[in-house]
Amino acid sequence: MREVFRIIEEINARGVTVLLVEQNVRQALEVAHRGYVLETGRIVQSGAAADLLEDPRIKRAYLGL
């Protein structure tokens with residue numbers, strides 16, 4: 001899994017947009033520029049990935065903090 005994320009970061013660094021759908025919220029947001037939170041097929045929250053990582057609702061619901 002680390003290798004896959006490394007390759008995704010490398011591709012993105014070349015200027016290619018990457019759409020990543022991932023259940024590991026922390027790891028996905030650590031490499032993303034933006035994030036979208038889906039619940040039952042609907043976007044319920046979105047924003048800069050760094051902001052989502054610090055959002056108390058995201059921490060509580062998805063990061064176990």
Side-chain angles (χ1 to χ4, degrees):
M1 190 161 117
R2 280 182 237 157
E3 180 70 7
V4 171
F5 274 86
R6 186 192 65 72
I7 292 168
I8 290 169
E9 286 183 283
E10 185 179 301
I11 291 168
N12 184 246
R14 294 179 184 166
V16 177
T17 299
V18 177
L19 173 63
L20 172 67
V21 178
E22 174 58 53
Q23 290 182 332
N24 184 329
V25 176
R26 181 181 310 281
Q27 191 162 16
L29 290 175
E30 286 175 352
V31 301
H33 298 276
R34 292 197 52 79
Y36 298 87
V37 179
L38 299 173
E39 289 181 3
T40 61
R42 297 181 187 268
I43 297 173
V44 295
Q45 194 167 352
S46 66
D51 294 341
L52 292 173
L53 271 173
E54 295 303 318
D55 187 297
R57 295 170 294 179
I58 300 298
K59 286 182 174 182
R60 190 171 43 257
Y62 301 102
L63 302 176
L65 302 174

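Every value quoted in this text rests on a predicted model; they were computed, and no experiment measured them. In what follows, residues are counted from 1 in the order of the sequence shown. Side chains are part of it too, since the values below use all heavy atoms of this structure and drop only hydrogens, waters and symmetry mates.
- Side-chain contact between Val37 and Arg57 is absent, with no heavy atoms from C-beta onward closer than 4.5 Å.
- Counting all heavy atoms, side chain and backbone alike, Ala32 lies closest to Ala49 at O-CB, 3.2 Å.
- Across every non-hydrogen atom of Leu53 and Lys59, the tightest pair is O-CE, 3.3 Å.
- With respect to the salt-bridge test (charged N to carboxylate O, under 4.0 angstrom), the residues Arg6 and Glu9 do not qualify.
- Within the model, atoms OG1 of Thr17 and CD1 of Ile11 stand 11.5 Å from one another, a figure rounded to the nearest 0.5 Å.
- Phe5 and Val21 fall into different hydrophobic clusters, where Ile, Leu, Val, Met, Phe, Trp and Tyr are joined by side-chain heavy atoms under 4.5 Å apart, directly or via other members.
- By the neighbour-count criterion of 12 heavy atoms within 6.0 Å, atom CD of Gln23 is sparsely surrounded, having that number or fewer from other residues, nucleotides or ligands.
- For the atom pair CG (Asn12) and CD1 (Ile7), the distance works out to 13.5 Å, reported to the nearest 0.5 Å.
- Cluster membership check: Ile43 does not share its hydrophobic cluster with Leu29, using side-chain heavy-atom separations under 4.5 Å among Ile, Leu, Val, Met, Phe, Trp and Tyr.
- Closest approach of Leu52 to Tyr36, counting heavy atoms only: CD1-N, 4.4 Å.
- Side chains of Glu22 and Gln27 form no contact here, defined as non-hydrogen atoms less than 4.5 Å apart.
- Linking ILVMFWY residues whenever their side-chain heavy atoms come closer than 4.5 Å, directly or via other members, places Val4 and Val31 in the same cluster.
- Nearest heavy atom pair, residue Arg34 against residue Ala48, reads NH1-N, 3.8 Å.
- Nearest approach of Gln45 to Asp55, heavy atoms of both residues: NE2-OD2, 2.9 Å.
- How far CD1 of Ile8 is from CD of Glu10: 11.5 Å, rounded to the nearest 0.5 Å.
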